[in-house]
J.: 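Dumping the structure here so I can ask a few things about it.
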Number of protein chains: 2
Amino acid sequence: MRNKEETYKQIIETAFSMFSEKGFDQTSLSSIAAEIGISKPAIYYYFKSKDELIKSLFDTIVQEIQSITYIDLKEMNTTNVKQTLYHVGENAINHQKKNLAFNQLFNQYIMLATRDSYYAEKLADIQQEFFNTFHDMLTNAVEIKAIKDENILIKSQLLALVFDNITNFILTNMNLDYERIWREAVDSVLRGIENHE
Amino acid sequence: MRNKEETYKQIIETAFSMFSEKGFDQTSLSSIAAEIGISKPAIYYYFKSKDELIKSLFDTIVQEIQSITYIDLKEMNTTNVKQTLYHVGENAINHQKKNLAFNQLFNQYIMLATRDSYYAEKLADIQQEFFNTFHDMLTNAVEIKAIKDENILIKSQLLALVFDNITNFILTNMNLDYERIWREAVDSVLRGIENHE
DNA sequence: GTCTATACAGCGATAGAC
DNA sequence: GTCTATCGCTGTATAGAC
């Protein structure tokens, strides 16, 4: 007989890799069970339906996301605002290139959100936090007088939009110079509002 | 007995609305057939499988997209470059707000593309055309000497990325001032390279 | 040529045995 | 805690009605 926690963990991990590879609908519970070496109804002991398994997996990866987007604003000073913004993008681009499976799965939840308010609400929170990250960075830059206080809200939303879509485009295998595009976005947004040089 | 073309058209139209509403996998051929008032195997007379129906629908909507993205560059002159770019975005934002079903469906094909090269290749072409549209606009602006020739390629890719993600965000019901974000993107990108004022 | 009837394997899900 | 057996449904396939 198996260990309960171990089996639960195995189901979540196998679901993660199979769902991200083939999608929710093209991955049957039988195939997940077969991969682990248990029977299909055994999964029902841990999750009361396939949808519940998908939701549990969602909650697992949401926690991971929130740990990635953290940025230490204390490191920011008058001379390194641009560099700090550059790095945020470069780190994310590198992370994304190495974690395609993660975003492949995440995008499926975004699609689910258009039809299921459970996901819509949680994803809205994540998006809001994501926007706040950029808004906090620019607001902080204003406070330390590195940049002028002009359209900071819209500018941070613009940066967030570019940032977000870069990760999407990496997924589609479009071969663009994402680092340069990100730097151009940062340069464009800051142009004219930087204090002295 | 039914008319052949009429039935075909009905299947495509019903598939469009049901697929965009509930998704490919949550829409059975039986439910499509029931909606039209024919039997399930009747669909197999027109499409040799569900996947074939999905592909045919794809080809139908691809044609529509290519007619939307057309922009008349002859209208552009030294004084209206910014306004022309503003309008491209505003038109798309309005179009998107009124055609959510269309993009809902389109996004499903983007997800399919990560696992099926048939869609990946065609979508790559569309994306390329999409990038070209912005590149052509900026190149044209350079040629009529409305703007300087600085980083035109990266700048057009940046605009395309923002443009594309605005339509995605509208779909997620995130309530942002997209017109203002788009104008900020255009302003930011053109800032410093506009000739005289 | 246009479609219906029927059959089948595989799915998510449940009941009940061990 | 995990299994076998079974249910209703799906996509798919084909035989054949008209």
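Keep in mind the model is a prediction, meaning the values are calculated, not measured. Letters go in sequence order (proteins before strands), and every chain restarts at 1.
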J.: If a pair satisfies side chain to side chain donor-acceptor pair (under 3.5 Å) and one of its residues is in residues 93-111 of chain B, list it, with sequence neighbours excluded.
T.: A:T114-B:Q104, B:H95-B:N99
J.: Describe, in one word, how the ring planes of A:F130 and A:F134 are oriented to each other, choosing from parallel (under 30°), tilted (30 to 60°) and perpendicular (over 60°).
T.: perpendicular
J.: Hey, what are the protein-to-nucleotides 9-11 of chain D N/O distances that come in under 3.5 Å?
T.:
unit_1: D:dG11; atom_1: OP1; unit_2: B:T27; atom_2: O; d: 3.3
unit_1: D:dG11; atom_1: OP1; unit_2: B:L29; atom_2: N; d: 3.1
unit_1: D:dG11; atom_1: OP1; unit_2: B:K50; atom_2: NZ; d: 3.1
unit_1: D:dG11; atom_1: OP2; unit_2: B:L29; atom_2: N; d: 3.0
unit_1: D:dG11; atom_1: N7; unit_2: B:K40; atom_2: NZ; d: 2.8

J.: Between A:T7 and D:dT2, does any side-chain N or O lie under 4.0 Å from OP1 or OP2?
T.: yes
J.: By nearest atom, which of the nucleotides C:dT4, C:dT2, D:dT2 is closest to the B:I38 side chain?
T.: C:dT4
J.: Would you kindly give the CD-to-C1' distance between A:Q10 and D:dT2, to the nearest whole Å?
T.: 14 Å
J.: Any pair with a residue in residues 181-191 of chain A that passes salt bridge (charged side-chain N to carboxylate O under 4.0 Å, His left out), sequence neighbours left out, goes on the list, sorted by first then second residue, please.
T.: A:K82-A:D187, A:E90-A:R183, A:E184-A:R191, A:E184-B:K155
J.: Measure OH/B:Y45 against C1'/D:dA13 and give the value in whole Å, please.
T.: 17 Å
J.: Send over the distance from A:I36 CD1 to D:dG1 P, rounded to a whole Å.
T.: 16 Å
J.: What residues form a side-chain contact (heavy atoms from CB on, under 4.5 Å) with A:A92, not counting sequence neighbours?
T.: A:F163
J.: In whole angstrom, give the distance that lies between atom OH of A:Y8 and atom P of D:dG1.
T.: 14 Å
J.: How long is the line joining CD of A:Q26 and P of C:dC11, in whole Å?
T.: 10 Å
J.: Going by side chain to side chain donor-acceptor pair (under 3.5 Å), name the pairs with one or both residues in residues 145-154 of chain A, residues two or more places apart or in two chains.
T.: A:N151-B:R180
J.: Taking only residues two or more places apart in sequence or in another chain, which ones pass side-chain contact (heavy atoms from CB on, under 4.5 Å) with A:K50?
T.: A:F19, A:L29, A:I54
J.: Taking the side chain of B:P41 as heavy atoms from C-beta outward, which of C:dC3, D:dT4, D:dT14 is closest to it?
T.: D:dT14
